[in-house]
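First comes the structure, then the notes that go with it.
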Amino acid sequence: MSERNPWAARTGLTAILIAVPELAEFTDRWRSVSYSPARPTMALSELIPPHVTVLVPWLAEPQPDKVRRLEEVLAPIQPFDLSFSTAGQFENGTTWLRPEPFDQIRALLQTVIDAFPECPPYGGEHPDPHPHLTISSSAQGGDQVLAEAEAALATEELPTIRLDDLTIWREGDDGIWQLTGSVPLGGIGLE
């Protein structure tokens, strides 16, 4: 991936995410043995908590006016419940969980993407991103991981998560992502 996507090979990226650490117990059975092509020496579970990407790469240095722009576009969007009950796979073998309500999540992503036209999603490679929570990268598992995930979803009940904010993350020089802030949905805290 990093060969095709120069942005993915850089460090110091920022991202806007829907973080769902509540799902780590479920997802880490796959994420702990799956490695990003851009960071092949560390398992996904070591790099960043389970999440749905809203926008990456975001701004190199998010200034207060840019954070304010994010706050303003999120203000009309009320918090809502988020669940994950189905798994799927991209053509490249990346296995994922589908966030629901899917259309509402897709609209949320599009709202943020539209607010930051200077930041094309995935460096322009995927201009219309498909919301998902990666549980296994393209290099590991494929159909076997998908079958395991579908079987686990049929027998295990995942928690419903209240989505009331989007989180801002920065990738360190070591490839590990750190939470740097959050922006509420529904304008909570805006004056």
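Within a 6.0 Å radius of CD in Glu25, other residues, nucleotides and ligands contribute 12 heavy atoms or fewer. Enclosure of atom CD in Glu157 is not indicated, since only 12 or fewer non-hydrogen atoms of other residues, nucleotides or ligands lie within 6.0 angstrom.
Residues passing the side chain to side chain contact (heavy atoms under 4.5 Å, CB included) test with Thr167 are Leu17, Ala19, Asp165, Trp169, Leu179, Ser182, sequence neighbours excluded. Every side chain to side chain contact (heavy atoms under 4.5 Å, CB included) that Thr111 has, sequence neighbours left out, goes to Val73, Ile77. Partners of Glu61 under the salt bridge (charged side-chain N to carboxylate O under 4.0 Å, His left out) rule, at least two apart in sequence or in another chain, are Arg170. Residues that satisfy the side chain to side chain contact (heavy atoms under 4.5 Å, CB included) test with Gln104, not counting sequence neighbours, are Phe80, Pro101. Partners of Phe90 by ring-ring contact (aromatic ring centres under 6.0 Å, His included), not counting sequence neighbours, listed by chain and number: Trp96, His130, His132. Residues forming a salt bridge (charged side-chain N to carboxylate O under 4.0 Å, His left out) with Asp65 (at least two apart in sequence, or on another chain): none.
Between Arg31 and Asp28 there is a salt bridge, since a side-chain N of the basic residue sits under 4.0 Å from a carboxylate O of the acidic one. Ion pairing between a basic and an acidic side chain is recognised when a charged N comes within 4.0 Å of a carboxylate O; Arg69 and Glu72 show no such pairing. Salt-bridge annotation for Arg39 and Glu171: present, with a side-chain N of the basic residue lying under 4.0 Å from a carboxylate O of the acidic one.
Taken to the nearest 0.5 Å, the CD1 atom of Ile113 stands 6.0 Å off from the CG atom of Leu55. Here Ser34 contributes atom OG and Arg29 contributes atom CZ; the two are 14.5 Å apart, rounded to the nearest 0.5 Å. Atom CG in Asp173 sits 11.0 Å away from atom CD1 in Ile176 (nearest 0.5 Å). Atom OG of residue Ser136 and atom CH2 of residue Trp30 lie 9.5 Å apart, to the nearest 0.5 angstrom. One finds the CG atom of Leu82 at 9.0 Å from the CG atom of Leu133 (value rounded to the nearest 0.5 Å). With values rounded to the nearest 0.5 angstrom, Asp103 atom CG is found 12.5 Å from Leu108 atom CG.
Nearest approach of Pro57 to Pro120, heavy atoms of both residues: CD-O, 4.1 Å. Here the closest heavy-atom approach between residue Leu59 and residue Glu118 is recorded as CD2-OE2, 3.9 Å. When all heavy atoms are compared, the tightest approach of Tyr122 to Pro129 is CE1-CB, 3.8 Å. Across every non-hydrogen atom of Pro131 and Pro99, the tightest pair is O-CD, 3.5 Å. The two residues Trp177 and Thr14 come nearest to each other via the heavy atoms CZ3-C, 4.0 Å.
Inter-residue side-chain proximity for Leu153 and Leu97 is flagged as met; some heavy-atom pair is nearer than 4.5 Å. Within the 4.5 Å cutoff, the side chain of Leu74 has no heavy atoms near those of the Pro184 side chain. Looking at heavy atoms from C-beta onward, Ile161 lies out of side-chain contact with Asp81 at the 4.5 angstrom threshold. Two residues are said to be in side-chain contact when any heavy atoms from C-beta on lie closer than 4.5 Å; Leu44 and Thr134 meet this criterion. You'll find the side chain of Val20 stays beyond 4.5 Å of the side chain of Phe26, heavy atoms only.
Residues Ser83 and Glu100 have side chains that never bring a donor and an acceptor to within less than 3.5 angstrom of each other.
Both tests pass for Arg98 against the ring of Phe102: distance under 6.0 Å to the centre and angle within 45° of the axis.
Test Leu70, Ile168, Ile105, Leu166 against Val54 for side chain to side chain contact (heavy atoms under 4.5 Å, CB included) and you get one pass: Leu166.
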Arg162 and Glu22: CA distance, side-chain angles, deciding distance, side-chain contact (heavy atoms from CB on, under 4.5 Å) verdict:
CA-CA 11 Å; Arg162 185 71 174 166; Glu22 302 91 337; over 6 Å; no
Checking Met42 against Leu47 for the side-chain contact (heavy atoms from CB on, under 4.5 Å) test, could you report, in this order, the C-alpha distance in whole Å, the side-chain angles of both residues, the deciding distance, and whether it holds?
CA-CA 7 Å; Met42 296 182 79; Leu47 295 174; 3.7 Å; yes
